[in-house]
Amino acid sequence: MAEDQIAAVLDAEHEVERVERARVRTLGNVRLRHHDTHEIILVPTPSSDPHDPLNWSQWYKYYMASVICLAMMMCNFLAAGPSIAIVATTMEFFPGSHPGKNPILFASSVAKVSFFFTTTALMQGVGNFFWVPVANKYGRRPSYVFSYFIYTVCAIWLCFDHSYSGFLAGRIIMGFGAGAAETIAPITIADVFFLHERGTVMALYTSFLAVGVSGGMLISGLITIHHNWRVIYQVASALIGAVFLLAFFAFPETAYIRERSIGGEAQTTPGLLPSEKCEVSTSDVERTATPPPATRRSYLDSLKIFHKTLTSESLLKLMVRPLGLICLPPVLWSALVEAVTIGFLVAVTSNIEVAYEQTYHFESWQVGLCFVGAILGSLLGIPAGGQFGDMVADWFTKRNGGIRDPEMRLPAMIPCLIATPLALILYGVGIEHKLHWICPTIGLSLLNFATVQGTNICLVYVIDAYRPVAGEITLAVMGFKSLFGFLLSFYTNTWVVQSGYQNAYGVMAAISAVIILMWVPLYVWGKKIRHATWQWSVISYIHWSDDREVGE
């Protein structure tokens with residue numbers, strides 16, 4: 001907003017009044033605006049080190065965000081895209097299984113081929129229980145480079161493997177590598193961007209997560225017009241390989257260790273002498289955001305895969321922590337929202353070629369073109385989940401005297417609450433009653449909009465609430481979502497056959513409305529809930545150490 005100014009006050013823990021000293025610190029509770037001037041305070045507090053990602057130029061930060069979004073898009077491109085040609089794929093792996101000539105054999109064969117996609121989706125979630133702890137322990141760059149190397153190798157492998165068992169094994173290993181960017185991206189965004197900037201960038205993240213599915217479907221459908229379905233894997237291999245090279249040669253390490261304030265003194269940052277420590281006072285903080293000029297690392301030095309260990313916590317604890325975090329009500333709610341938006345989108349895409357072929361006699365490329373609307377819906381979700389969410393949270397922050405609570409973002413869930421059930425109803429009723437093809441297609445577009453808009457709001461909410469463990473929070477949410485998506489894609493066809501499109505998607509609409517509506521009690525009592533549940537004995541093991549703090 002035009003009237004927003006960045007305050008000279010950099011330390012969000014700075015006490016500006018006696019009443020501020022008495023304020024009770026809560027999880028996710030932070031002063032984001034100056035008490036008197038209402039200027040934005042930079043959170044986390046940047047150091048004076050030019051190597052600190054928070055001190056990078058704005059254009060370079062958004063370059064990093066672009067690479068992250070590209071990696072995000074490609075991680076789902078090959079995972080979901082080829083499912084648009086599931087009929088042709090089935091007929092190649094199981095000769096004689098034709099939907100018209102032998103429907104019984106075809107139905108059983110499709111169920112086997114669907115394992116190519118469901119197991120990939122499952123491994124995308126499960127694999128992150130390895131990649132995220134590695135990213136938290138050893139850095140973001142090793143996780144990006146090695147995961148995308150595995151992804152690239154498997155994509156090339158799948159171009160040539162013609163056996164069912166070998167192809168399935170390749171898809172499973174591919175899923176292990178493909179999912180890393182999905183969960184590491186929010187940690188990287190938190191490394192590079194300040195708190196007041198993250199909503200917009202996270203909206204780009206969730207948008208490209210959805211665009212990866214829609215774009216993969218669209219491009220894969222167009223390829224099948226004049227080429228065999230295997231060409232999808234050849235094109236994807238080239239694109240994934242390009243992202244791998246970009247990550248290796250042009251994506252530096254973003255993790256940065258910053259020390260917390262201790263004993264009322266401002267943090268000591270790398271490059272500062274003890275005499276240069278900033279003292280806390282009740283007046284404006286004297287320190288500014290301008291770092292002193294210094295020599296940056298060489299390009300060759302930035303290419304090192306491993307720089308240093310980031311935390312003394314064990315890998316075991318880092319792997320176990322997400323299992324404990326999912327027990328926290330805000331995290332569980334966020335995971336459920338992801339499940340009923342992304343999970344139900346998986347249900348639609350896993351069934352869409354069969355539904356459109358039976359109802360409208362569409363070919364694969366025609367079904368793929370329907371995803372143009374899905375891409376538009378995802379793009380519209382960027383401002384609705386990013387800028388709109390930031391505006392809502394900032395409005396409540398100003399009313400609260402400049403103090404930001406994570407729950408102040410939750411009223412921005414209203415568009416998702418309306419769009420998700422409406423989208424599922426339009427799709428189910430449209431297919432069931434053979435309405436014009438635009439009806440379920442609008443439903444598909446609305447569902448993509450709701451996925452980007454709603455998942456961004458709830459994910460930023462829980463990251464704000466538990467910022468020092470943003471990686472494990474994202475892993476808990478995304479891991480649960482992947483398991484739910486696997487179950488849905490596995491049982492969707494059976495559910496639809498037994499209940500019909502209208503009833504099946506009507507139930508999904510009701511479930512989604514109830515879960516998303518839970519933002520209301522979280523908005524009212526969320527702070528109390530977070531504090532009460534943080535004291536649970538079962539949660540005590542997952543409490544993080546000081547070296548996991550990011551400077552708030």
Side-chain angles (χ1 to χ4, degrees), residues 51 53 56-57 59-82 120 123-124 127-128 130-132 134-135 138-161 170-189 191-192 201 204-205 207-209 211-216 218-220 223 230-256 296-308:
H51 300 136
W56 291 347
S57 64
W59 76 264
Y60 192 65
K61 289 184 178 184
Y62 277 96
Y63 157 76
M64 295 291 292
S66 300
V67 176
I68 292 168
C69 288
L70 184 61
M72 273 298 311
M73 183 176 71
M74 292 312 303
C75 81
N76 278 331
F77 184 91
L78 193 56
T120 299
M123 287 304 298
Q124 281 182 298
N128 279 314
F130 169 79
W131 292 116
V132 171
V134 168
Y138 302 111
R140 322 320 181 205
R141 182 168 163 78
S143 295
Y144 276 116
V145 170
F146 286 119
S147 66
Y148 249 85
F149 175 75
I150 294 172
Y151 192 9
T152 303
V153 170
C154 288
I156 296 171
W157 167 7
L158 294 169
C159 293
F160 303 101
D161 200 308
R171 291 281 307 188
I172 291 172
I173 299 172
M174 185 191 80
F176 174 74
E182 177 180 333
T183 310
I184 301 172
I187 321 173
T188 311
I189 291 170
D191 290 339
V192 175
V201 183
L204 291 171
Y205 155 77
S207 175
F208 275 82
L209 177 61
V211 167
V213 176
S214 303
L218 173 61
I219 295 173
S220 297
I223 288 173
R230 286 188 178 273
V231 177
I232 298 172
Y233 287 86
Q234 296 169 12
V235 172
S237 296
L239 295 174
I240 295 165
V243 175
F244 165 68
L245 293 177
L246 188 63
F248 186 85
F249 290 106
F251 193 89
E253 180 58 65
T254 62
Y256 184 84
R296 291 189 177 275
R297 295 189 184 98
S298 67
Y299 171 70
L300 290 178
D301 187 52
S302 71
L303 289 182
K304 289 196 304 185
I305 302 298
F306 173 78
H307 288 267
K308 57 185 170 183

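Judged purely by atom type and a 3.5 angstrom limit, Asp191 has no side-chain atom pairing as donor or acceptor with the backbone of Pro53. The main-chain N or O of Ala79 is found under 3.5 Å from a side-chain atom of Arg171 such that the two form a donor-acceptor pair. Here the side chain of Tyr151 pairs a donor or acceptor atom with the backbone of Met74 at under 3.5 angstrom. When atom types are taken as modelled, the side chain of Thr183 and the backbone of Ala180 share no donor-acceptor pair closer than 3.5 angstrom. In this structure a side-chain-to-backbone donor-acceptor pair under 3.5 Å is present from Arg140 to Ala135. No donor-acceptor distance shorter than 3.5 angstrom exists from the side chain of Trp131 to the backbone of Gly177, with no hydrogens or angles considered. Distance alone, capped at 3.5 Å, places no donor-acceptor pair between the Asn76 side chain and the Met72 backbone. Tyr205 places a side-chain N or O within donor-acceptor distance of the main-chain N or O of Glu182, the cut-off being under 3.5 Å.
Listed here is the closest heavy atom pair of Ala178 and Cys75: O-CB, 2.9 Å. Scanning all heavy atoms of the two residues, the minimum distance from Ser143 to Val134 falls at OG-CG1, 3.6 Å. Nearest heavy atoms, Met174 versus Leu78: SD-CD2, 3.6 Å. When all heavy atoms of Ser220 and Pro82 are compared, the closest pair comes out as OG-N, 3.9 Å. Among all heavy-atom pairs drawn from Ile305 and Val145, the shortest one is CD1-CG1, 4.0 Å. Of all heavy-atom pairs spanning His307 and Asp301, the tightest one is CE1-O, 3.5 Å.
No cation-pi contact links Arg141 to Phe146, judged by a cut-off of 6.0 Å to the six-membered ring centre and 45° from its axis.
Screening Val211, Val213, Leu239 for a side chain to side chain contact (heavy atoms under 4.5 Å, CB included) with Phe77, the sole residue that qualifies is Leu239.
Other residues, nucleotides and ligands place more than 12 heavy atoms under 6.0 Å from the OH atom of Tyr63. Other residues, nucleotides and ligands contribute only 12 or fewer heavy atoms inside 6.0 Å of the CZ atom of Phe149.
Between Trp56 and Tyr60, the two ring planes are perpendicular [angle over 60°; tilted spans 30° to 60°].
By the 4.5 Å heavy-atom criterion applied to side chains, Tyr148 and Phe248 are not counted as neighbours. By the 4.5 Å heavy-atom criterion applied to side chains, Val243 and Ile240 are not counted as neighbours.
The CD1 atom of Ile223 sits 10.0 Å away from atom CG of Leu218, with the distance rounded to the nearest 0.5 Å.
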